[in-house]
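Because the structure is predicted, anything quoted here is derived from the model rather than measured. Proteins get letters first, then strands, A, B, ... in listed order; numbering begins at 1 in each.
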Amino acid sequence: MNTAVRDDPETATDSVLRKSYQGLASLFSKREGAAIAAAEQATLRSDRFRLEREADWRRLEAIIVRIEAGRIGSISDEDLVALPVLYRMVVSSLSVARDTTLDAATLAYLEGLAQRAWFVVYGPELGFRGWCRRFFGGGWSAAVRAITPDILIALTMMVAGTVIGWLLVSGNPDWYYALMPASPGDVRVPGASRAALYGSLFDAPKRDAFAIFAAYLFSNNSQVSILCYALGFAFGLPSILLLVHNTALLGALLWLYHGQGLTLELVGWLSIHGTTELFAIMLAGASGIHIGRSMAFPGQRAVMDAAAEAGRRTATVMTGVVLMLIVAGLLEGYARQLINETAPRLAVGGFMLVWWLLYFFVFGTRKARR
Amino acid sequence: MAIWSRKRRPRTRQTALSRRQRVILTAEGLRLPLTLATTGSRAAALLIDLTLVVLAIVGISALIMLCAWGIGADKIDKSVNSAANDLIQTLVVIWIITVFLARSAWFLWFELGARGATPGKRLLGIRIAARPARDGTAARLTAEAVIARNLLRDIELFMPVVFIGSAMSAGADTTLAGWAALVWFGIFALFPFFNRDGLRCGDVIAGTWVVEAPRSKLGTAMSVGKSAQGLSAVTGARYQFSDAELAVYGEYELQVLERVLRDNREPAMAEVAQAICAKIGWTSGAGDERAFLDAYYTQLRARLETGMRLGKRKTDKHDEGRTAPVV
């Protein structure tokens with residue numbers, strides 16, 4: 001048999017890595033010595049190769065098990081420093097083993113270990129805190145700016161939807177009932193008196209509803225906006241329809257209050273939370289349109305790649321949309337009920353609009369250009 | 001013979017498995033094999049997760065109810081503003097937000113972790129990973145991808161429920177809504193069957209796929225000890241096989257033999273030892289199968305591995321020996 005041959009089937013990288021690793025952690029020389037002593041007893045060359053490296057593989061496995069369990073704190077600094085080196089050693093062991101060993105169990109183990117190590121070493125690069133810093137410190141607004149054309153399309157659709165809603169209802173008031181979900185006891189119907197409509201805008205509702213109302217609004221609105229985003233998958237058409245439908249309702253309301261000369265009051269009532277909420281819904285729709293557009297016109301890329309790229313970019317926008325809807329829910333649930341004048345309502349709404357515009361389209365642009 | 005011919009190439013299963021096999025190329029230039037998860041295991045994982053989510057919601061609801069009951073919700077006059085009333089409201093708010101979060105955050109939280117898997121996926125031994133680019137270069141799983149794939153889950157799974165729910169609350173025809181929900185659900189549930197990688201819509205948008213997460217333990221080294229050198233502890237005999245006696249088998253048979261030896265079950269070893277003896281023309285004894293097989297395995301592997309280093313592979317016993325294709 002070939003027991004006389006002692007040289008190991010090492011690649012150049014393997015030996016270099018081993019040397020650098022030995023330099024890095026010389027305290028493991030004792031364990032390595034033991035491994036080499038055990039390796040002397042193995043008959044097969046490939047088994048000797050394995051026994052000499054086994055300690056490192058097991059060390060890497062132990063580190064990975066801890067990271068996977070989320071116990072990064074329990075890993076010593078030495079182990080953390082050694083992780084990339086150990087990973088590269090396993091990678092090189094695996095490529096050597098593939099060409100030299102027929103031990104199926106060892107190969108399966110190495111492939112599994114290399115895969116797990118790869119997921120750990122090349123896992124999500126940021127922790128939650130780092131992700132937050134990047135998200136609020138420019139990532140969000142950059143993602144919003146990246147879909148500016150789609151935002152313009154969404155805005156156009158929303159304006160068109162409002163106009164359509166107005167025109168439909170002014171042509172035939174029956175449309176109002178088709179657009180507005182029927183709820184018993186709602187005074188906001190065609191033919192309502194000015195006083196009734198005025199009361200719906202300024203009468204303080206029962207106080208105990210505030211918080212629950214805000215939470216309910218948030219939950220409901222985020223579902224609508226997620227739907228708006230997710231349906232972009234069907235080439236963006238359902239997103240557009242959803243935008244038009246929702247704003248047609250707005251148009252119908254505007255028509256109703258305009259008939260009684262309460263347009264400005266309604267705008268104030270809507271704007272306090274609406275500038276944030278409608279902005280969020282516009283962004284959600286724009287995200288849907290962006291995905292749809294990338295899939296319909298992928299350009300040089302494969303459709304799948306284009307969809308994935310668009311999906312990841314707009315996921316950042318959508319995270320922001322959910323946050324905006326929380327803000328909108330708070331404004332609608334609390335601020336609107338507490339501020340009972342049109343002028344301050346308009347001021348708050350206007351301030352929010354300016355804030356969002358500045359944050360998205362001014363903040364961080366200089367950094368991006370640099 | 002019997003055991004080998006029985007285990008030989010379960011052809012249909014192998015092709016089904018190889019159809020799920022993918023290779024990604026890491027930054028180190030390593031070709032890392034991945035196996036895509038089956039649709040069945042993904043569905044099972046989802047069911048487990050949904051059960052857990054529902055249990056979590058029920059548990060938290062019960063806890064909140066208990067708190068409300070402890071405060072004395074049933075005795076409070078709703079029209080009077082009191083501290084207890086405010087507390088009840090806060091509880092309702094917490095409940096609404098929990099239900100909203102449980103749906104999305106369960107999947108988000110677990111898939112963003114180092115394991116890349118929800119508890120259901122973990123139980124089934126699968127995880128999510130980023131799809132590689134078209135040239136096979138491995139990509140990093142990002143938080144954005146995880147968010148995107150879970151936002152889509154919302155409409156794939158929960159939309160039908162919303163259909164039926166809204167029809168019921170509006171007093172409309174629930175049969176129609178039921179059919180609409182069924183069609184909707186069908187489209188998304190069948191989507192993975194119509195693409196090569198078994199992607200659901202969320203995977204397409206996020207650029208992810210679901211792969212098996214191997215958890216194989218490192219077995220013992222086979223060629224350590226006296227028996228690997230051909231020495232039998234029972235009889236004191238030394239098994240030495242000639243080149244011709246080793247040349248009858250290839251890599252496939254070697255791996256079957258490895259499995260038999262690692263399982264270490266007497267009847268299987270006896271059967272295989274008999275089969276080998278019949279093939280190479282030895283008269284088989286009884287009682288010393290382990291040592292015999294150890295010796296044969298070690299010498300066969302040594303022979304095949306030497307050939308391997310010289311570029312000669314022998315895949316199985318039918319293979320006449322050829323030069324391995326240059327990869």
- For the residue pair B:A139 and A:W118, what are the closest heavy atoms and their distance? O-CH2, 3.2 Å

- Item | Separation of A:L227 CG from B:L151 CG (nearest 0.5 Å) | 11.5 Å

- Task: Answer with side chain, backbone, both or neither: which region of A:F135 has an atom nearer than 4.5 Å to a non-hydrogen atom of chain B?
- Result: neither

- For atom CH2 of B:W95, is the number of surrounding heavy atoms from other residues, nucleotides or ligands below 6.0 Å larger than 12? no

- Query: Between B:A213, B:P214, B:G29, which has the largest tally of heavy atom pairs under 4.5 Å with chain A?
  - Reply: B:P214

- Query: Side chain, backbone, both or neither: which part of B:A133 has a non-hydrogen atom closer than 4.5 Å to chain A?
  - Reply: neither

- Message: Whether the side chain of B:E305 engages the backbone of A:L102 through a donor-acceptor N/O pair (distance < 3.5 Å, no angle test) should be reported.
- Response: yes

- Value rounded to 0.5 Å, distance of CG in B:D203 from CE in A:M304: 9.5 Å

- Separation between CE (B:M308) and OG (A:S46), nearest 0.5 Å, reads 8.5 Å

- Item | Contacting moiety of A:T314, where chain B heavy atoms sit under 4.5 Å | neither

- Nearest non-hydrogen partners of B:Y297 and A:D103, listed with the distance: OH-CA, 4.3 Å

- Heavy-atom pair of closest approach, residues B:L32 and A:R98: CA-NH2, 4.5 Å

- Check A:G311 against B:A148 and note the closest heavy-atom contact, atom names and distance. O-CB, 3.7 Å

- Item | Toward chain B, the part of A:R301 with a non-hydrogen atom under 4.5 Å | backbone

- Item | Side chain / backbone / both / neither for B:R127 at chain A, heavy atoms under 4.5 Å | side chain

- Task: Tell me, out of A:R58, A:M318, A:E68, who's got the most heavy-atom pairs with chain B below 4.5 Å.
- Result: A:E68

- Message: With a 4.5 angstrom heavy-atom cut-off, is it the side chain or the backbone of A:I64 that approaches chain B, or both, or neither?
- Response: neither

- Item | Ion pair B:R131/A:D305, N-O distance below 4.0 Å | no

- Message: Quick check on B:E156 against chain A: is it the side chain, the backbone, both or neither that has a heavy atom closer than 4.5 Å?
- Response: neither

- Task: Go through the atoms of A:A306 and report whether side chain, backbone, both or neither lie under 4.5 Å from a heavy atom of chain B.
- Result: neither

- Query: Heavy-atom distance under 4.5 Å between the side chains of A:Y229 and B:L152, does that happen here?
  - Reply: yes

- Message: Is A:D99 close to chain B through its backbone or its side chain, or both, or neither, when contacts mean heavy atoms under 4.5 Å?
- Response: backbone

- Message: Please check this pair: side chain of B:E258 against backbone of A:A104, looking for a donor-acceptor N/O pair closer than 3.5 Å.
- Response: yes

- Item | From OG1 (B:T298) to CG (A:D47), nearest 0.5 Å | 8.0 Å

- Message: Between B:T220 and chain A, with a heavy-atom cut-off of 4.5 Å, which part of the residue counts as in contact: side chain, backbone, both or neither?
- Response: backbone

- Part of A:V317 lying under 4.5 Å from any heavy atom of chain B: neither

- Does the side chain of B:T26 reach to within under 4.5 Å of the side chain of A:Y87, using non-hydrogen atoms? yes

- Is there a donor-acceptor pair closer than 3.5 Å between any side-chain N or O of A:R312 and the backbone N or O of B:A206? yes

- Message: Using every non-hydrogen atom in the two residues, find where B:L30 and A:S95 come nearest and quote the distance to one decimal.
- Response: CD1-CB, 4.3 Å

- Item | Nearest-0.5 Å distance, CZ of residue B:R115 to CZ of residue A:R116 | 9.0 Å

- Message: Can you give me the closest heavy-atom contact between A:W57 and B:L218, atom names plus distance?
- Response: CE3-CD2, 4.1 Å

- Salt-bridge contact B:E144-A:R134 (side-chain N to carboxylate O under 4.0 Å): yes

- Would you say A:E111 and B:P33 make side-chain contact, with heavy atoms under 4.5 Å? yes

- Item | Heavy-atom proximity to chain B below 4.5 Å, by part of A:A114 | both

